[in-house]
Number of protein chains: 2
Amino acid sequence: MSATAAAPSAGVADDERWARAAFTRWSESDDERVRALVRDVGWVVAAELALAGDPLVPEVVRRRADRADVERDLQLADALGARLLCPGDPQWPVLLDDLAQPPVCLWVRGPLDLAEHAGEQPRSVSVVGARASTRYGEQQASDLAAGLAERGFAVVSGAAFGIDGAAHRGALAVGGATVAVLAGGVDRPYPVAHTRLISAIAESGAVLSEVAPGSAPTRPRFLLRNRVIAALGAGTLVVEAGLRSGSLHTAGVASRLNRPVGAVPGPVTSMASAGCHEAVRKGLAQLVTDVDEVAELVGGYGADLAPVKRAPSRPEDALDLLETQILSMVPVRRPADAPSIAVAAGVPLSAVLTGLPRMELLGLVRRSAGRWRRVPPDDDGAGTGS
Amino acid sequence: MSATAAAPSAGVADDERWARAAFTRWSESDDERVRALVRDVGWVVAAELALAGDPLVPEVVRRRADRADVERDLQLADALGARLLCPGDPQWPVLLDDLAQPPVCLWVRGPLDLAEHAGEQPRSVSVVGARASTRYGEQQASDLAAGLAERGFAVVSGAAFGIDGAAHRGALAVGGATVAVLAGGVDRPYPVAHTRLISAIAESGAVLSEVAPGSAPTRPRFLLRNRVIAALGAGTLVVEAGLRSGSLHTAGVASRLNRPVGAVPGPVTSMASAGCHEAVRKGLAQLVTDVDEVAELVGGYGADLAPVKRAPSRPEDALDLLETQILSMVPVRRPADAPSIAVAAGVPLSAVLTGLPRMELLGLVRRSAGRWRRVPPDDDGAGTGS
C-alpha cells in the first residue's frame, strides 16, 4: 500500500492519502453517506471498513471496493506524471474548501501551483460557456482569457468544445496559467478531440479531476465537476450560455459561494447569449464588456479597478456656460451678425464679440463677411441620440 | 388677439392660451426667471408685462416680445392643422406634469389623443437611441416598436436618424400609435430628410413641440426636447447608444422621473451598444431582450408579465430520481448488462430491469444483444456548458 509515488511533499499521512485516493474510485464525491461515515471515523478507518465489507459502508461502495484496484489507479497516475493533492497539502487550493463537499482529493497533471492562484490570495477566473458557441462568443472567450492571463489570473475551465476550449487557448496563447477540470479521470481526455489541447494545458498549467484515473466522465460527474470549476475561480465569467445550461448552473454555484459572476452580453437575436442576458436580468451576474471590467469584478479590491469609460472629448467641452449659450444661438444655415446673436442668446454684445473668435479657433463656428454660422455639430446631442 | 382657431375644446381661457403660446416664442422653457414671474402673476399678466417692456420681465424675453409675431405663429399652426394643447385641456398628457418644468404648452399636429396614451392610465414607451446606429439596432428598434404598438403602446421618439426613425417606422408599419417630439417648431421637420416620415407620423399619430412654429431646432432645445420624450413615455427603452449620448441623458431623465428604463444589449464589440451596457452596469437600466420583457417593464402591473423563458424540454425530464441515477451509469461506448449497471448505480436490479426499457422508448438508451448503452446525450450538460 504505497502512495508515495504519487504524493508531493505533503502534510497528509500516507495512509489517509491512500484512503482518500481509494474513495475517489469507490464513491461519488456527493455521497452523503460516505461523508457522514468519514466524519465519524476518518478516511483511513472508513477505507478499512469498506474493504472489510462492513455494513456501515453503503453497499454500492463496498461492492466497488471489492472490485476496484486502487494500486492500479495510483500506478496509472504515476505513469502520467499525475500527483495526488489532499486538503492540507501545501499546494491544495483552499478556495475549494468553501464547498459544502470539497473534493476528497485531486488528481493533478501539470506543473501549476494551484495554491498560488486558488489559495489564500486567489487570482483565478473560471470561464464557462456554451459548447454550441458562436464565433463571437469564442472570440470573446479567447480575448478575455488572454487579457486575464496577462493580468496574472489563472483561467479555469472545463476543456469542453466551444467557450471552454477558446478560453484555455486564449490563456495558453499569451503564455498564461490555465486549469482544466475534467469530469472523468485525468488519464481520459474528454472530449477526445481535445486530447492535444488538454496535453498542452498539462504542460504548463494543470489538468485535474476529483475522480480516480480511469473513471468515466458520466453525466452526474459533469455536474459535480462544475461545482469544482465554480469554486476554483475567485469569480466566474459566463461567455455565451443557452437558457437551460450547465454554464448557468456553474454560475449559480459560484454565486452561492459568494463569488462574483460576470456575463458577457451579445445580440438578443443570438440564443447563445440568451442565458447571459437572463443571468443579468435575474441579478445572478453582472454585465461585463471587457477585460478591465472582469478584472475589477473578480480581482482584489482596489487593485483591478476598471478605468472609467469615456467618449472622446469634444471642442464644446472647452466652453464656459456663457459661451455655450452664445454658441447655441449661432445659426447653422443663415449666418447672423454678432448683435442679433447677442439678442437671441440674451447675453452682452461684448461677450459675443470675444467669444465667437475663440469658438472659431475651436472649429465650432465660421465667419464670412462679418456674419457667423455654426459648423454643423457632430453626431452628438442633436438626436435623442448618440 | 384670437387663438381660438388653434384651440381645441378647452378648459383653458383664450387669453391664457394666447399668453402661453406667446411665451413658447419669447422664452426657452427652462428659463427659471420666467417661471418665477408666472408663479407670481400668472401667464396672462406676465405676457402683458413682456409686451409693455416691464423690467420685471428678463431682458431677452422683452426684446423677443418686441420683435416676435405671435399672431403669425398661430396662423402658421392653423395652416398646418396644428393645435395648441395647454395643461388642463382634456387631451393634455398629464405624464408631462411629472417634470419640474413641464412644457408651457404643446403645439401638436396629428389626430392622436395624447391623453389616451400619456394620461392617467398611460400606455406609452419612449424609444431612444443612437443616430449612428447599426442594422442590428435599427432592426431591434423597429421590431420592438412594432411589437409594443401591437400591444397598444404609443411609441414616442424624436424623429432623428437611426434608432428614432426605425422606431417610428416600426410602429407605423403595424398601424400603431407613434409620437414624434421635435426640438424645433412643428412646421420645421428635422432632420429635413425625414420630412416624409414626419408627415406620415402626423397623419395617424402626433408630431409635437413645446416651441412655437418657426422656431429653430437649436442644441439646447434638443436637450429640453429629450426631457419631454422621457416624460411622455410610461417607460423608456434605449436601443443602441454611445457612451456619451443624448439617449443616456434621456434615460437619466426618465429614471429621475421614476420611469422604468430598459436597454437592449448587443455585441460588446459594437460601440453603438456600449452606452446600453454602461446603463445596465450602472443600474440605470434593466436589460431587456424582447418585446415581452419591455412590456412587462413598462406596462401595467400584472397586465404585461413576460412569459418565463424555457429551453425546449428534454426526454430526461420525464425520468424520476432513481431512473436518472440508472441512466447516469449506462455507458456511452461499451454496452453493459443490467446487473453491472445496477451495481454501478447502487440501485436494485429490478429497478434497472423496468427502467431501461422505458428509457429506450424515450430514445435515451439503446439495447443490443442484451446489453445497454447510452444514446450520446445532446448538447446539454456535458460541457461546463450549454
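Protein chains get the first letters and strands the later ones, always in sequence-line order, with residue 1 at the start of each.
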Only pairs of heavy atoms separated by less than 4.5 Å count here; which of A:Arg64, A:Arg221, A:Glu293, A:Gln139 has the most with chain B?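 Most heavy-atom pairs within the cutoff with chain B belong to A:Glu293.
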
A:Arg333, A:Arg281, A:Arg63: which one forms the most heavy-atom pairs within less than 4.5 Å of chain B?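 Of the candidates given, the most pairs with chain B belong to A:Arg281.
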
Side chain, backbone, both or neither of A:Ala342 within contact of chain B (heavy atoms, under 4.5 Å):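 For A:Ala342, the backbone is the part near chain B, not the side chain.
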
Counting only heavy atoms closer than 4.5 Å, note whether A:Gln286 contacts chain B via side chain, backbone, both or neither.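 Only the side chain of A:Gln286 comes within 4.5 Å of chain B.
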
For the side-chain contact (heavy atoms from CB on, under 4.5 Å) test, which of B:Val288, B:Leu287, B:Val280, B:Val264 pairs with A:His277?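 Among B:Val288, B:Leu287, B:Val280, B:Val264, the one that satisfies the side-chain contact (heavy atoms from CB on, under 4.5 Å) with A:His277 is B:Leu287.
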
Pairwise side-chain contact, A:Thr289 with B:Glu278, heavy-atom cut-off 4.5 Å (strictly under):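 A:Thr289 vs B:Glu278: side chains apart.
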
What part of B:Met329 lies closer than 4.5 angstrom to a heavy atom of chain A: side chain, backbone, both or neither?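 Contact with chain A: side chain only.
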
Of all the heavy-atom pairs spanning B:Val268 and A:Tyr136, show the shortest one and how long it is.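 Minimum heavy-atom separation between B:Val268 and A:Tyr136: N-OH, 2.9 Å.
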
